[in-house]
Amino acid sequence: MGQSYLLSPNKIYLCQKNGIFVKNQAGHEPGIRFIMEFTITSKDSKSSARTGILTTDHGQVESPFFMPVGTCGAVKALHIKELHDDVGAQIMLSNTYHLFLRPGSGTIAKAGGLHRFNGWDRPILTDSGGYQIYSLADIRKFTENGVVFQSHIDGSKHTFTPEHAVDVQRQLGADIIMAFDECTPYPCEEDYARKSMKRTHRWLKRCLEHFGHTECSHGYTQALFPIVQGSVYPDLRKESAETIASSDAPGNAIGGLSVGEPAKMMYEMTDLVCSILPADKPRYLMGVGTPANILESIALGIDMFDCVIPTRNGRNGMLFTRDGIINIKNEKWNEDFAPLEPGGDLFCDTGYSKAFLRHMFIAGEMLAPMIATMHNLGFYMWLMKEARKQIIAGNFSAWKNKMVVKLMQRL
RNA sequence: GGACUGGUAGUUCAGCUGGUUAGAAUGCCGCCCUGUCACGGCGGAGGUCGCGAGUUCGAGUCUCGUCCAGUCCG
């Protein structure tokens, strides 16, 4: 390829280039390291929205941002080059659970880490596998030590502990790795939510401890983000947020939401947790969400998002546009020869008509999910960029209120 | 001209010895998908069972006629 997506993994160079030498966050000093930096660049006056810049060994990311989900190391239906050049994603997410089972974290370690394996040279965040075990594994048993689960691929039995989750993510080499947590379902009894949350907190302690004693297999600096749990119970959420805040991590995540609870409840929990988590560190709302969810959550102080909606729903024929939501499989688009997104930046926005994309879907052509995925991710990137612009311009709240109504419309 | 086989949803077919609102697959139409799913999940519409007559309490199912398609024989 004319342009290399593989970054030379020269830690010393990167450290000196950034000029910051600090201890790692667990306080141990196995070697001098560069720690993740988050700089807030502007704040909205009417909401908790802010813009910032997150610096990693694989470059900087402007926040608030959205991370496309590349479960198995790639965003389905997209070339890495397309994700990089066309969609313009700043950072991608991948899954520890999936990569651990296939091809195996050892294989990826041999390749030189996930960046070298898939050719993505920008930052990567890996989910720890807690959520996937919760939602995917056929059989699973949570114990104090960790989780015993059966693979959804071949039924093989595995044990995942907090230490193991850190080790695997060290091997994968993501820039941001997640603590091993238990995601509780909705609804969830308060008693179970409390027990689960406390265990997640104990697991976090073990994750941090192990993280402090280990290093990335590939010479990059990694940051470990802890995760707030507590289901939909304000007292639990408060307690969890305080515990997570006290770990003084370079970034903090909110988990256990968008699992079926009403959106209002999700916002209330997010708002409460954001008021407790440190304001000078990035806040990551895991698994969210729809364009409207994202804008509302930015207003509450969230900086980072990931969700399968633009990709998975795209593959199933749902398009997100600046005017609202389209089910491109509907008959009414059959002879609509207008472009997918007039005024869109991507070649697929103006290069393909609704009628053509509908035809591709109805005919079962592979190009259909490819176009829809690229379009939807392009739209999400546009939405985030626009949100950052509006925050900087001091007009975020008004813009957000207008957009939320528009973006939820069914066309 | 004769014999045989078959004619059941848009399509390909299933319906045992006649018995409740005729099924499946696929297609069509719509909905869903929030740290898992590239061909996924759910729902809906759609048939006077070629046509006509008969037997029977009751026929997609039996009988006769007729039309159509296919195969074979002359």
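So you know, we letter chains A, B, ... as the sequences are listed, proteins then strands, and number each from 1. Here the structure is a predicted model, which means the values were calculated and not measured.
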A:Arg410 vs B:C32: side-chain N/O to OP1/OP2 distance below 4.0 Å:
yes
Protein heavy-atom contacts under 4.0 Å, written 5' to 3' over nucleotides 39-45 of chain B as B (base), S (sugar-phosphate only) or - (none), form the string -B-----
What's A:Gly260 touching, base or sugar-phosphate or nothing? Going by heavy atoms closer than 4.0 Å.
nothing
Describe the nucleic acid contact of A:Glu296 in one word from base, sugar-phosphate, nothing, applying a heavy-atom distance below 4.0 Å.
nothing
What integer number of Å spans the C1' atoms of B:A14 and B:A9?
13 Å
Heavy-atom distance under 4.5 Å between the side chains of A:Pro123 and A:Gln90, does that happen here?
no
A:Glu144, CD atom: more than 12 neighbouring heavy atoms under 6.0 Å
yes
Which ones in residues 174-190 of chain A lie close to RNA chain B, meaning a heavy atom under 4.0 Å from one of its atoms?
A:Asp181, A:Cys183
Using whole Å, report how far CD of A:Glu331 lies from C1' of B:G30.
11 Å
4.5 Å side-chain heavy-atom contact, A:Ile53 and A:Val61:
no
Give a yes or no on whether a salt bridge exists between A:Arg358 and A:Glu331, defined as a side-chain N under 4.0 angstrom from a carboxylate O.
no
Separation between the P atoms of B:C16 and B:G50, rounded to whole Å:
14 Å
Specify whether A:Phe142 and A:Trp203 have parallel, tilted or perpendicular ring planes, treating 30° as the upper limit for parallel and 60° as the lower limit for perpendicular.
parallel
Gap between atoms CE and C1', on A:Met269 and B:G35 respectively (whole Å)
19 Å
Can you measure A:His98 atom NE2 to B:G35 atom C1' for me and round it to whole angstrom units?
11 Å
Polar contact flag, side-chain donor to acceptor under 3.5 angstrom, A:Ser94-A:Thr126:
no
Separation between the C1' atoms of B:U21 and B:A25, rounded to whole Å:
22 Å
Can you label the angle between the A:Phe320 ring and the A:Phe379 ring as parallel, tilted or perpendicular, going by 30° and 60°?
parallel
Which part of the nucleic acid does A:Ile362 contact within heavy-atom distance under 4.0 Å: base, sugar-phosphate only, or nothing?
sugar-phosphate
Check the distance between B:U34's C1' and A:Ile325's CD1 and give it to me in whole angstrom.
12 Å
Quantified in whole Å, what is the P atom distance between nucleotide B:G27 and nucleotide B:G41?
12 Å
Taken to the nearest whole Å, CH2/A:Trp333 to P/B:G30 is 11 Å
Using a 4.0 Å heavy-atom cut-off, does A:Arg102 contact any base of the nucleic acid, only the sugar-phosphate backbone, or nothing at all?
nothing
Within the supplied structure, the quantity of interest is the number of heavy atoms (other residues, nucleotides, ligands) at a distance under 6.0 Å from A:Arg102 CZ; does it exceed 12?
no
Using atom types as modelled and distance alone, determine if a side-chain donor or acceptor of A:Ser353 lies under 3.5 Å from a backbone N or O of A:Ala338.
no
With heavy atoms under 4.0 Å as the rule, sort A:Val288 into base, sugar-phosphate or nothing.
base
When rounded to whole Å, the CZ to P distance for the pair A:Phe361 and B:G30 reads 14 Å
Under 4.0 Å, heavy atoms only, any strand: does A:Asp127 hit a base, just the sugar-phosphate, or nothing?
base
Starting from C1' on B:C29, measure out to CG on A:Asn327 and report it in whole angstrom.
11 Å
Of the nucleotides B:C29, B:G35, B:C31, which one has an atom closest to the side chain of A:Asn330?
B:C31
Test side chain to side chain contact (heavy atoms under 4.5 Å, CB included), reference A:Lys76, set A:Thr311, A:Thr373, A:Val308, A:Thr71, output is A:Thr71
